[in-house]
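Have a look at the structure below before the remarks.
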Amino acid sequence: MTHINKLKIFNDPIYGFISIPNELIYDLIQHPYFQRLRRISQMGLSYLVYPGANHTRFHHALGCMHLMQKAVETLRFKGVAISGDEECALLIAILLHDIGHGPFSHAMEKSIVEDVNHEAISLLFMNQLNEEFDGRLSLAIQVFKGDYHRKFMLQLISSQLDMDRMDYLKRDSFYTGVAEGNVNSERLIQMMNVVDDVLVIEEKGIYSVEKFLLSRRLMYWQAYLHKTSLVAELILMNVLKRAKELTLKGINLPCSEPLLYFMQNKVSLEDFDAEKLDLFSQLDDFDIISALKAWQKQDDFILSTLSKMLINRDLLKIKLSAEKIPAEESQSLKEQFANDHHITQLEAGYFIFRGKIKNQAYSKEAEPIRILKKDKTIEDVVEASDQLNLKSLSKLVTKYYICFPKQLI
């Protein structure tokens, strides 16, 4: 039997070479559950706005692992004891943190797999992998769940300044071309330290933290909550909702077996056994795209029209407003559209709907980003900063939207 070299290197356009540190991590990356992330786009339907945004969750997970390697190296250099097992657990936890994402990120969570978020599914995948790998992921799962006694480790994986955010801001900025999102993750990591089991940023890194938070805010408005990406995701959610509605009425829609299963059955978190997890692991963006292509030709006016909109990028009109949009406005549009197309007002609700989006770059409710001052005191970044804009970055900004067909303008 030939011996496979498992200490491979990936060439990443952002960080250069990313090395796989051990054989266990190589085997996890090779696993079909992880390889599936190659077929899940990192930014959902944002490529309809930014043609370059075709990068995948696979890409992002490797980037996060690379940053975690750098963070461990930095902390060790500063005298923080991290054992080999703990390092491996951190790398595995961050590598697998997004493994539960469904096709096109959040659209599935709100339409087909109801009320089951991707974090919960990630944990199910991790537990399943732990069985397959004879318990070698146990420590990683403990760290991921926040059950491990060293709390700073969870902060590296999930906090307001974690490896996940550092990678996706830098990566999404690179692939969209939105330069404002480009954060200096190298410098932020160099400024990290641990005091009393809490992750801190040394005072001289405060400007990098300010830039990071500002970049996050700008990326939300310019990329993640861009009105065209937003309307595309809302249409996708409505397509999937409609498809599920028709399927439950006994109408046979062409689509892949795993997608059909989730449309025919109401699956809650408690129902997710090994068999359903395996079905979920077979779902990716390709199932959705091929279904949309087939559904364009269906008899159902709603399903075919919405599917065509996404395939041909001829989307609904979306209007954003700082003020709440009155119900009367959408009601009169629904009446007009229902009459024009001989459908009910309830059905017109698939094309005309209101909602709101929120953006908060820094949350005061969540665990703060702590700055280690020169006199060894620790302060919340908002207090430590001389920048007034950090106070405004922690303000929750809400915008309201209404979507409707272009012919109703």
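- Atoms CG and OG1, on Leu48 and Thr228 in that order, are 8.5 Å from each other to the nearest 0.5 Å.
- A side-chain N or O of Gln345 and one of Gln331 form a donor-acceptor pair less than 3.5 Å apart.
- Annotation for Asp299: atom CG does not count as buried by contact number, only 12 or fewer foreign heavy atoms lying within 6.0 Å.
- Residues satisfying the salt bridge (Lys or Arg N to Asp or Glu O under 4.0 Å) test with Glu73, not counting sequence neighbours, are none.
- Closest non-hydrogen pair, Met65 versus Pro21, comes out as CE-CD, 4.1 Å.
- The pair Glu87-Arg76 meets the salt-bridge criterion, with a side-chain N (NZ, NE, NH1 or NH2) lying under 4.0 Å from an Asp/Glu carboxylate O.
- His60 and Asp172 form no side-chain donor-acceptor contact under 3.5 Å, judged by distance and modelled atom types alone.
- In summary, Glu379 and Lys373 engage in a salt bridge, as defined by a charged side-chain N under 4.0 Å from a carboxylate O.
- Checked by atom type and distance alone, the side chain of Glu383 never pairs as donor or acceptor with a backbone atom of Asp380 at under 3.5 Å.
- For Tyr350 and Phe301, the ring centers sit 6.0 Å or farther from each other.
- Counted by atom type alone, Asp375 and Thr377 present one or more donor-acceptor pairs between their side chains at under 3.5 Å.
- Between Asn130 and Ser138, the side chains place a donor N or O and an acceptor N or O closer than 3.5 Å (distance only, hydrogens not considered).
- At most 12 non-hydrogen atoms from other residues, nucleotides or ligands lie less than 6.0 angstrom from CG of Asp196.
- A side-chain donor from one of Ser215 and Lys211 sits under 3.5 Å from a side-chain acceptor of the other.
- Applying the side chain to side chain donor-acceptor pair (under 3.5 Å) rule to Gln282 yields the partners Asp278; only residues at least two apart in sequence or on another chain are considered.
- The backbone N or O of Gly146 sits less than 3.5 Å from a side-chain atom of Lys151, completing a donor-acceptor pair.
- The aromatic rings of Phe353 and Tyr401 sit perpendicular, their planes meeting at an angle over 60°, well past the 30° parallel limit.
- Residue Lys317 holds its NZ atom at 10.5 Å from SG of Cys403, rounded to the nearest 0.5 Å.
- Put simply, the side chain of Glu203 gets close to the backbone of Lys374: a donor and an acceptor are under 3.5 Å apart.
- A perpendicular orientation is assigned to the rings of Phe280 and Phe272, their planes being inclined by more than 60° (bins at 30° and 60°).
- Atoms CG and CG, on Leu259 and Leu279 in that order, are 11.0 Å from each other to the nearest 0.5 Å.
- A side-chain N or O of Arg38 and one of Gln35 form a donor-acceptor pair less than 3.5 Å apart.
- Phe174 meets the side-chain contact (heavy atoms from CB on, under 4.5 Å) test with Pro13, Ile14; sequence neighbours excluded.
- Between the side chain of Lys170 and the backbone N or O of Val183 there is at least one donor-acceptor pair closer than 3.5 Å.
- No hydrogens or angles considered: nothing links the side chains of Tyr50 and His226 as a donor-acceptor pair under 3.5 Å.
- Contact check on Asp271 versus Lys276 returns no salt bridge, with no Lys/Arg side-chain nitrogen under 4.0 Å from an Asp/Glu carboxylate oxygen.
- Under the 3.5 Å distance criterion, with hydrogens and angles disregarded, a donor-acceptor pair is assigned to the side chains of Asp167 and Tyr15.
- A donor-acceptor distance shorter than 3.5 angstrom exists from the side chain of Arg36 to the backbone of Leu283, with no hydrogens or angles considered.
- Arg171 and Asp12 are joined by a salt bridge, as a carboxylate oxygen and a charged side-chain nitrogen come within less than 4.0 angstrom of each other.
- Among pairs with a residue in residues 136-170, those fulfilling ring pair (Phe, Tyr, Trp, His ring centres under 6.0 Å) read Tyr168-Tyr224, at least two apart in sequence or across chains.
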- Task: Before giving the answer on ring-ring contact (aromatic ring centres under 6.0 Å, His included), spell out for His341 and Phe351 the whole-Å C-alpha distance, their side-chain angles and the decisive distance to 0.1 Å.
- Result: CA-CA 12 Å; His341 295 278; Phe351 299 90; 7.4 Å; no

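- Under the 3.5 Å distance criterion, with hydrogens and angles disregarded, a donor-acceptor pair is assigned to the side chains of Ser256 and Asp287.
- Identified under the salt bridge (Lys or Arg N to Asp or Glu O under 4.0 Å) test for residues 42-68, with sequence neighbours left out: Arg57-Asp98.
- One finds the CG atom of Leu260 at 4.5 Å from the SG atom of Cys255 (value rounded to the nearest 0.5 Å).
- Between the Arg150 side chain and the Val143 main chain, no donor and acceptor come within less than 3.5 Å of each other.
- Nearest heavy-atom pair across Leu139 and Asp85 is CD2-O, 3.7 Å.
- Between Lys334 atom NZ and Ile343 atom CD1 the span is 11.0 Å, to the nearest 0.5 Å.
- No more than 12 heavy atoms of other residues, nucleotides or ligands lie within 6.0 Å of CG in Asn252, so this atom counts as exposed by the packing criterion.
- No donor-acceptor pair under 3.5 Å is formed between the side chain of Lys399 and the backbone N or O of Asn359.
- The main-chain N or O of Ile369 is found under 3.5 Å from a side-chain atom of Tyr362 such that the two form a donor-acceptor pair.
- Summarising the local packing, NZ of Lys266 is surrounded by 12 or fewer heavy atoms from other residues, nucleotides or ligands at distances under 6.0 Å.
- In terms of the ring pair (Phe, Tyr, Trp, His ring centres under 6.0 Å) criterion, Phe10 has no residue partners (sequence neighbours excluded).
- Separating the CG atom in Asn184 from the CE atom in Met166 is a distance of 10.0 Å, to the nearest 0.5 Å.
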